[in-house]
Structures are given as C-alpha cells and as structure tokens.
Amino acid sequence: MKIYNTMSRTKEEFVPGEPGKVKMYVCGPTVYNYFHLGNARPLVTFDSLRRYLEYIGYNVEFCQNFTDIDDRIILRAAEEKTTIQEISERYIKEYYVDADRLNVLRPTYEPKATETISEIIDFISELSDKGYTYELPDGIYFDVSKDPEYGKLSRFRLGDLVEGAGDRENKKEFDGKRNPGDFVVWKRKKEGEPAWSSPWGEGRPGWHIECSAMIRKHLGESIDIHGGGQDLVFPHHENEIAQSECATGSALAKYWVHNAFVNVDDEKMSKSAGNFFMVRDIAAKFDYRVIRFFILSGHYRMPINFSDSLLEAAENGLNRIRESVQNLRFTAAGEERKAVKNDNRNSWELMEAIDIASKEFLDAMDDDLNTADAITAIFRLVRAANTSCTDPSVSSDALLSAADKIMELGEVLGLDILGEDENRIPEEVLQLVQKRMAAKQEKNFKLADEIREQISALGYQIKDTSAGPQVVKL
RNA sequence: GGCGCCAUAGCCAAGGGGUAAGGCAGAGGUCUGCAAAACCUUCACCCCCGGUUCAAAUCCGGGUGGCGCCUCCA
C-alpha cells in the first residue's frame with residue numbers, strides 16, 4: 001500500500017522494516033477529561049489503518065500510551081481535592097467506554113507514563129551522558145542546537161522559531177534556556193506536586209520523553225509507523241525524533257502519519273477554543289457507529305466539519321448499508337429464492353459485482369487509506385445487491401455472498417454494520433407480527449396499524465414485502 | 001514574520017491531462033390497504049485570470065477566499 005509520509009511530504013510505498021510485521025505507535029490521550037470528537041479522529045483513523053494492515057496479512061504490534069501525569073491532571077486533582085491516580089484512573093475507564101463503543105480495537109500495548117518512569121530516567125541519563133542536555137533550576141533541558149537534524153519533520157528552522165516566538169520572547173519562559181526551542185525532559189518538583197526520585201532530584205518527566213521511552217521499551221529503537229494528529233508534528237514529534245535519534249542513533253520511525261482536524265464552522269475543534277463536543281454527548285443523539293462512519297467518510301488528511309446535519313446525513317448513509325444487509329438476508333431466506341440455482345447469469349453478475357467491490361475497496365485503502373473511496377466501493381455493491389433482491393432469478397447463495405462481503409468490508413473499517421443481537425427478534429415481537437398478519441388478512445387495517453405501533457414501541461420496525469413481513473431492530 | 005494545507009452540485013465528498021465516483025437532501029415514476037425499504041429516471045463543465053498542450057477541473061504562474069502549525073492541543 002501507499003502511505004503519505006509527513007517526513008518526505010509524499011506518498012510512499014509502505015515497506016515495513018521486517019517483512020510481514022508492522023510496528024506502530026500512536027500518541028494517546030492525556031487522561032483528565034472525557035474525549036471530544038477531535039480526539040476521536042486519530043483513534044478511529046489509526047484503528048482503521050491497523051485493521052486494514054491486519055486484513056491484508058500483516059502482524060501488527062500497536063502501542064498507544066496514556067499520559068497520566070501532566071499539568072492538567074495535577075490541576076484537576078487539586079480542583080477536586082483528590083489524587084492524580086484517582087483522576088487518571090477515572091478517565092482511563094471513561095476512555096474505554098467511548099473507545100470500545102467506537103469499535104476501536106485494544107492496542108497490543110497501552111503503557112502509562114507513571115509505569116514507565118525508570119525507562120524514562122534511563123533515557124534521560126543517556127541523553128545527558130552524550131551531552132545533549134543541560135540543567136536549569138527548574139529541570140533538565142534538551143539542547144536542540146546539539147541536534148543538526150532538528151526540524152526535519154516540521155521543516156522549521158531554528159532561527160524561524162525564534163521569530164515565531166514573537167511576543168513570547170520576552171516572557172519568563174525563556175529565562176535561562178539556551179535556545180527558544182529547548183524543551184524540558186525532567187521537571188523538578190514544585191510544592192505539592194507528585195514526584196519521583198531521579199539522579200536530578202525529585203521530579204516528573206516532561207511531555208515528549210515518555211513517548212520516546214515507551215516506543216523503545218515496547219517496540220524497539222526503530223518502528224514502522226508513528227501516528228497522531230497534525231498538531232503533534234511540532235513540537236511533539238519533532239522533539240521525540242530529536243531525543244530518540246540522538247540517544248539511539250537510528251531513525252525513530254519510517255513513516256510519519258498525521259490526521260487533519262475536526263472543525264466546527266471551519267475552525268479547529270479544541271478544548272482551548274471551547275468549541276468542542278464530547279463524543280459522550282454526541283452519542284446521546286447519534287449511535288457511536290454513526291460517529292465512526294462520519295469520521296471515515298472523508299480522507300484522514302482532509303479537515304472535516306462537524307454539525308448535526310452532517311451526522312444525520314452520515315446516519316442515513318450508514319442505514320442504507322445496514323438495511324441492505326438486512327434485506328439481502330431476509331430475501332435470501334425465502335423458500336422460492338432458495339430453489340434458484342446459483343449458476344444462472346444474473347447470480348453470476350452479482351458475484352462479479354462482489355469481486356469488483358472487493359478490488360475497488362482494496363485499491364482505495366491501498367491508496368493512502370482512502371476510506372471515502374472504500375466506502376464508495378461498499379455503496380456500489382449495496383446498489384448492485386439491492387437490485388438483485390428485486391430480481392427473482394438471483395440465487396440465495398449469491399445474495400448471502402453479497403451480504404457477507406458488505407459485512408466483511410465494513411468490519412475492516414470497524415463499522416460493525418449489523419451487531420449479532422440485531423438478528424434476534426424477541427418472541428413477544430414475533431407474536432405481534434403474527435397477530436398483525438391475521439388482522440391484515442381480515443382487512444382490519446386499523447388493528448393492523450395499531451399492532452405496528454406496538455411493535456415500533458418495542459424498538460422494532462415492520463416492513464411488508466412481497467415475501468411477507470420483515471422485522472428489523474430500529 | 002517563517003512553514004504548510006485547502007477551494008468540485010443545495011449539502012457532504014472522491015478523483016486528478018482526454019471530457020466529472022459515491023452518499024445525503026430534492027423531483028418524477030414503479031411496488032404497496034397504508035407505511036417503510038427497495039428499484040428506475042432526474043440533478044455540476046470542478047473559485048478567478050493568464051500560460052503550457054491536439055486536449056486542463058486535473059500541470060505551471062499570479063490572484064481571491066478559507067484554514068492550520070510555529071504555545072497545552074488529536
């Protein structure tokens with residue numbers, strides 16, 4: 001497959017360091033709150049990349065961290081008069097509630113910063129021994145001027161950073177720093193803060209260092225894919241590269257992959273801007289599957305706007321796929337349909353459409369994870385399959401093959417098109433369906449409509465087809 | 001100031017030198033007691049101006065408009 005590499009700013013052929021194996025790392029959440037739609041985008045994007053790589057045969061080792069020690073967590077704990085452990089544990093639990101329902105697979109490794117302290121300290125020691133760091137009263141800093149390649153990912157030059165600093169240049173934060181771009185790897189303890197002992201006294205790790213240490217601990221010195229949101233390119237990933245490559249001497253990652261933002265009215269959704277929507281709250285109105293489908297309906301490197309009407313459009317689109325699978329299975333179950341031989345011409349044409357959809361799907365995903373086109377391939381199969389449902393000469397086997405393929409491709413995107421339990425109809429509902437059938441036979445349409453209302457109140461919808469009533473979960 | 005991205009129908013969104021995928025919404029029709037779904041039909045010359053070319057929405061140059069990073073941030 002081809003994947004866009006931020007390092008080269010071009011699409012490159014994906015060739016992992018070790019054949020058949022992929023090592024990928026994605027920057028995970030700082031756990032001090034529920035996550036918003038903008039945070040959900042990389043989760044869904046990289047989960048889909050991981051699923052696709054596994055689908056085409058790779059063995060994927062996937063690592064995603066939890067930042068569970070950070071200024072915001074400390075602040076939150078202070079506000080609530082509790083410990084940082086309590087805060088981070090709570091929001092890790094809540095993270096899983098949302099992530100699981102978004103059908104995000106659990107990573108192979110999910111390290112926490114606070115459980116990686118000794119590796120982080122070792123890492124800093126190495127940098128220190130090699131002369132890349134210096135001490136200031138408040139902590140240990142990385143000297144970016146010691147790294148001749150610094151800036152290669154973001155393509156920022158050190159001089160430009162000084163200019164970009166603008167009005168911040170006069171602020172205290174630069175006091176003592178050798179270069180404006182220098183960043184802290186170990187923060188000395190301030191009164192009342194949680195701390196760990198280290199060769200530099202009590203303190204806690206800086207933000208960037210945890211990822212460098214975790215990657216090496218779980219995946220090794222060099223990995224295949226490193227992912228995250230576009231805003232992490234600088235400074236976070238740039239600094240990770242500087243630390244890791246100065247320490248180990250080898251390239252940290254072969255492919256740098258970054259997703260674009262979720263916007264509201266064309267402006268970046270962010271906590272600081274206050275224009276964010278929690279996934280939890282959106283899920284009160286829309287199914288988590290709709291949220292995932294919405295995220296995947298555009299290319300990951302293009303910004304997407306969020307609004308209710310866009311979610312509604314996504315919901316309707318996803319329903320079209322779901323209904324198709326339901327209709328295919330229902331139609332295939334018909335007795336007359338089962339008698340149709342599967343080697344007739346029209347059945348064969350549907351089988352061909354299935355193959356074409358598979359190929360289009362693979363082509364789309366191979367082209368830099370083009371999930372928008374991959375979804376189009378599914379829609380094209382849906383159209384062909386629905387048309388086949390109206391053609392009595394197409395066999396049950398062919399219809400079921402189409403349904404299976406739609407489910408299979410949907411699963412690669414993690415869409416969970418039809419859950420297992422959605423096929424089982426409760427006895428109570430089935431009895432009502434029988435009663436309604438009887439009422440219809442007697443032309444008692446008033447009663448029939450009342451029963452339909454009852455069924456609907458139980459969460460099921462009834463559709464009268466030429467082959468009898470079809471019941472589906474709403 | 002530095003670096004970078006984007007501009008395609010009412011909306012969303014792919015594509016990317018040879019004459020515009022798909023979805024949502026809309027209109028008309030078929031089926032149907034009604035409803036729902038489905039099916040059929042219909043719905044764009046791709047921001048503007050130059051240039052290259054037999055041919056440009058696609059390439060190049062210049063505009064205009066929108067956005068992002070350079071500060072915690074997905």
Side-chain angles (χ1 to χ4, degrees), chain A residues 6 9 26-30 35-46 70-72 151 154-157 159-168 171 173 180-181 207 227-236 238 258-263 265-273 276 293-294 297-299 301-305 307 309-321 323-324 326-327 330-331 360 364 367 370-380 382-383 385-391 440 443-446 448-449 452-453 456 461-466 470 472:
Chain A
T6 306
R9 309 282 165 104
V26 175
C27 295
T30 300
F35 64 80
H36 61 69
L37 226 212
N39 299 311
R41 192 171 192 189
L43 295 178
V44 169
T45 297
F46 291 105
D70 156 278
D71 288 350
R72 289 163 294 174
S154 59
R155 305 198 176 179
F156 291 158
R157 282 164 304 182
D160 297 337
L161 288 178
V162 180
E163 265 188 61
D167 56 331
R168 295 198 309 281
K171 291 184 186 168
E173 66 180 286
W207 174 37
Q230 232 156 36
D231 47 357
L232 296 185
V233 172
F234 190 91
H236 186 52
E238 195 72 74
H258 296 97
N259 62 276
F261 303 125
V262 176
N263 294 159
D265 298 328
D266 289 316
E267 307 255 322
K268 177 184 176 179
M269 179 185 290
S270 71
K271 285 178 181 165
S272 51
F276 61 91
F293 182 76
F294 168 71
S297 63
H299 187 92
R301 284 193 288 114
M302 291 295 193
I304 47 174
N305 259 305
S307 74
S309 65
L310 291 171
L311 263 289
E312 274 161 29
E315 183 171 49
N316 291 338
L318 183 57
N319 278 340
R320 177 172 167 80
I321 300 173
E323 304 233 21
S324 177
Q326 287 170 333
N327 290 341
F330 179 81
T331 307
E360 287 177 342
D367 184 14
N370 193 334
T371 54
D373 268 359
I375 287 170
T376 288
I378 294 175
F379 273 120
R380 279 155 69 96
V382 162
R383 164 86 58 188
N386 285 345
T387 303
S388 293
C389 276
T390 67
D391 178 350
K440 273 185 67 179
K443 304 265 184 218
N444 188 349
F445 296 122
K446 191 165 173 283
D449 288 350
R452 182 163 58 197
E453 285 299 309
S456 156
Q461 186 190 20
I462 194 152
K463 300 177 184 176
D464 290 323
T465 74
S466 54
Q470 179 188 3
V472 294

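Not measured: the values here are computed from a predicted model. Values reported hereafter were calculated over all heavy atoms of this structure, with side chains retained and with hydrogens, waters and symmetry mates removed. Order of the sequence lines fixes the chain letters, A, B, ..., with proteins taken first and strands second; residue numbering starts at 1 for each chain.
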**Report entry** Distance between P atoms of B:A13 and B:C67 (Å, rounded)
**Finding:** 16 Å
Query raised in the report: How many Å lie between CZ on A:Phe234 and P on B:A74, as a whole number?
Result: 17 Å
Report summary line: Nearest heavy-atom contact between A:Asn370 and A:His299 is CA-ND1, 3.9 Å
Query raised in the report: Say you pick atom P in B:G23 and the same atom in B:A14; how far apart are they, in whole Å?
Result: 15 Å
Report summary line: The side chain to side chain donor-acceptor pair (under 3.5 Å) partners of A:Asp265 (sequence neighbours excluded) come to none
Query raised in the report: Does a distance-only test, which skips hydrogens and angles, find a donor-acceptor pair under 3.5 Å between the side chain of A:Thr376 and the base of B:A14?
Result: no
Report summary line: Those residues at least two apart in sequence (or on a different chain) that pass side chain to side chain donor-acceptor pair (under 3.5 Å) with A:Asp464 are A:Arg436, A:Lys440
Query raised in the report: What orientation do A:Phe234 and A:Phe156 show, parallel under 30°, tilted 30 to 60°, or perpendicular over 60°?
Result: perpendicular
Query - Side chain of A:Asp266 (C-beta onward), nearest among B:G66, B:A74, B:A14 - result: B:G66
Query raised in the report: For the side chain of A:Arg41 and the backbone of A:Phe261, is there at least one donor-acceptor N/O pair under 3.5 Å apart?
Result: yes
Query raised in the report: A:Lys446: what forms a salt bridge (Lys or Arg N to Asp or Glu O under 4.0 Å) with it, not counting sequence neighbours?
Result: A:Glu450
Report task. Determine the interatomic distance between C1' on B:C49 and the same-named atom on B:G28; round to the nearest Å. Result -> 41 Å
Report task. Round to the nearest Å and state the distance from A:Asp373 atom CG to B:G15 atom P. Result -> 6 Å
Query raised in the report: Please give, in whole Å, the distance from B:A36 P to A:Gln470 CD?
Result: 15 Å
Query raised in the report: A:Gly317 near the nucleic acid: base, sugar-phosphate alone, or nothing, with a heavy-atom cut-off under 4.0 Å?
Result: sugar-phosphate
Query raised in the report: Does A:Asn316 make a side-chain N or O approach to OP1 or OP2 of B:A25 shorter than 4.0 Å?
Result: yes
Query raised in the report: Among B:A74, B:A21, B:G2, which nucleotide sits nearest the side chain of A:Phe156?
Result: B:G2
Requested in this report: Determine which bases of RNA chain B form Watson-Crick or G-U wobble pairs with both distances under 3.5 Å, and write the result as a 5' to 3' dot-bracket string with | for other-strand partners.
Outcome: (((((((..(((.....[...))).(((((.......)))))....(((((..]....))))))))))))....
Report task. Starting at atom CD of A:Glu315, determine the distance to atom P of B:C24, rounded to an integer number of angstrom. Result -> 12 Å
Requested in this report: Return yes if a side-chain donor-acceptor contact under 3.5 Å exists between A:Gln470 and A:Thr465, otherwise no.
Outcome: no
**Report entry** Stacking of A:Phe445 on B:G33 base (centres under 5.5 Å, planes under 30°)
**Finding:** yes
**Report entry** Rounded interatomic separation in angstrom, taking CZ from A:Phe261 and C1' from B:C72
**Finding:** 13 Å
Requested in this report: Summarise protein proximity over nucleotides 37-47 of chain B in one line of letters, 5' to 3': B for base, S for sugar-phosphate only, - for none, counting protein heavy atoms closer than 4.0 Å.
Outcome: SSSS-------
Requested in this report: Pick the P atom in B:U8 and in B:G2, then give their distance to the nearest Å.
Outcome: 27 Å
Query raised in the report: What nucleic acid atoms does A:Met269 come within less than 4.0 Å of, heavy atoms only: base, sugar-phosphate, or nothing?
Result: base
Query raised in the report: Do the non-hydrogen side-chain atoms of A:Leu310 and A:Asn305 ever get within less than 4.5 Å of each other?
Result: yes
**Report entry** Inter-nucleotide C1' distance (B:A56, B:G16), Å rounded
**Finding:** 10 Å
**Report entry** Rounded interatomic separation in angstrom, taking CG from A:Leu318 and C1' from B:G22
**Finding:** 15 Å
Query raised in the report: For atom C1', what is the distance between B:C72 and B:G65, given to the nearest Å?
Result: 30 Å
Report task. Please tell me which of A:Val262 and A:Arg452 maps to the more 5' nucleotide of RNA chain B, matching each residue to the nucleotide holding its nearest heavy atom. Result -> A:Arg452
Query - Nearest non-hydrogen partners of A:Asn259 and A:Pro42, listed with the distance - result: OD1-CB, 3.3 Å
Report task. Side-chain contact test, heavy atoms from C-beta onward, threshold under 4.5 Å: evaluate it for A:Leu37 versus A:Phe294 and give yes or no. Result -> yes
Query raised in the report: 5'-most contact on RNA chain B: A:His236 or A:Thr465, nearest heavy atom basis?
Result: A:Thr465
Report task. Please report the C-alpha distance between A:Lys271 and A:Asn39 in whole Å, then the side-chain angles of each, then the deciding distance to 0.1 Å, and finally whether the side chain to side chain contact (heavy atoms under 4.5 Å, CB included) criterion is met. Result -> CA-CA 10 Å; A:Lys271 285 178 181 165; A:Asn39 299 311; 4.1 Å; yes
Query raised in the report: Which part of the nucleic acid, if any, lies within contact of A:Lys440, taking any heavy atom under 4.0 Å across all strands shown: a base, the sugar-phosphate backbone alone, or nothing?
Result: base
Query raised in the report: Expressed in whole Å, how much space separates the P atoms belonging to B:C47 and B:A74?
Result: 34 Å
Report task. Using the test side chain to side chain contact (heavy atoms under 4.5 Å, CB included), find all partners of A:Asn319 that sit at least two apart in sequence or belong to another chain. Result -> A:Glu315, A:Arg322
Query raised in the report: Nearest-Å distance, CG (A:Asp449) to C1' (B:U32)?
Result: 13 Å
Requested in this report: Could you work out which one of B:A21, B:A13, B:C72 sits closest to the side chain of A:Ile304?
Outcome: B:A13
Query - Side chain of A:Met302 (C-beta onward), nearest among B:C3, B:C6, B:A74 - result: B:C6
Requested in this report: For B:G15 versus B:U58, give the span between their C1' atoms, rounded off to a whole number of Å.
Outcome: 9 Å
Query raised in the report: What nucleic acid atoms does A:Glu267 come within less than 4.0 Å of, heavy atoms only: base, sugar-phosphate, or nothing?
Result: sugar-phosphate
Query raised in the report: Which part of the nucleic acid, if any, lies within contact of A:Ile462, taking any heavy atom under 4.0 Å across all strands shown: a base, the sugar-phosphate backbone alone, or nothing?
Result: base
Requested in this report: State whether A:Lys268 places a side-chain N or O below 4.0 Å from either non-bridging phosphate oxygen (OP1 or OP2) of B:C69.
Outcome: yes
Report task. Quickly work out the A:Leu311 CG to B:C11 C1' distance and round it to whole Å. Result -> 14 Å
Query raised in the report: Heavy atoms under 4.0 Å, any strand shown: does A:His36 hit a base, just sugar-phosphate, or nothing?
Result: base
Query raised in the report: Under 4.0 angstrom, heavy atoms only, what part of the nucleic acid is A:Ala40 near: base, sugar-phosphate, or nothing?
Result: nothing
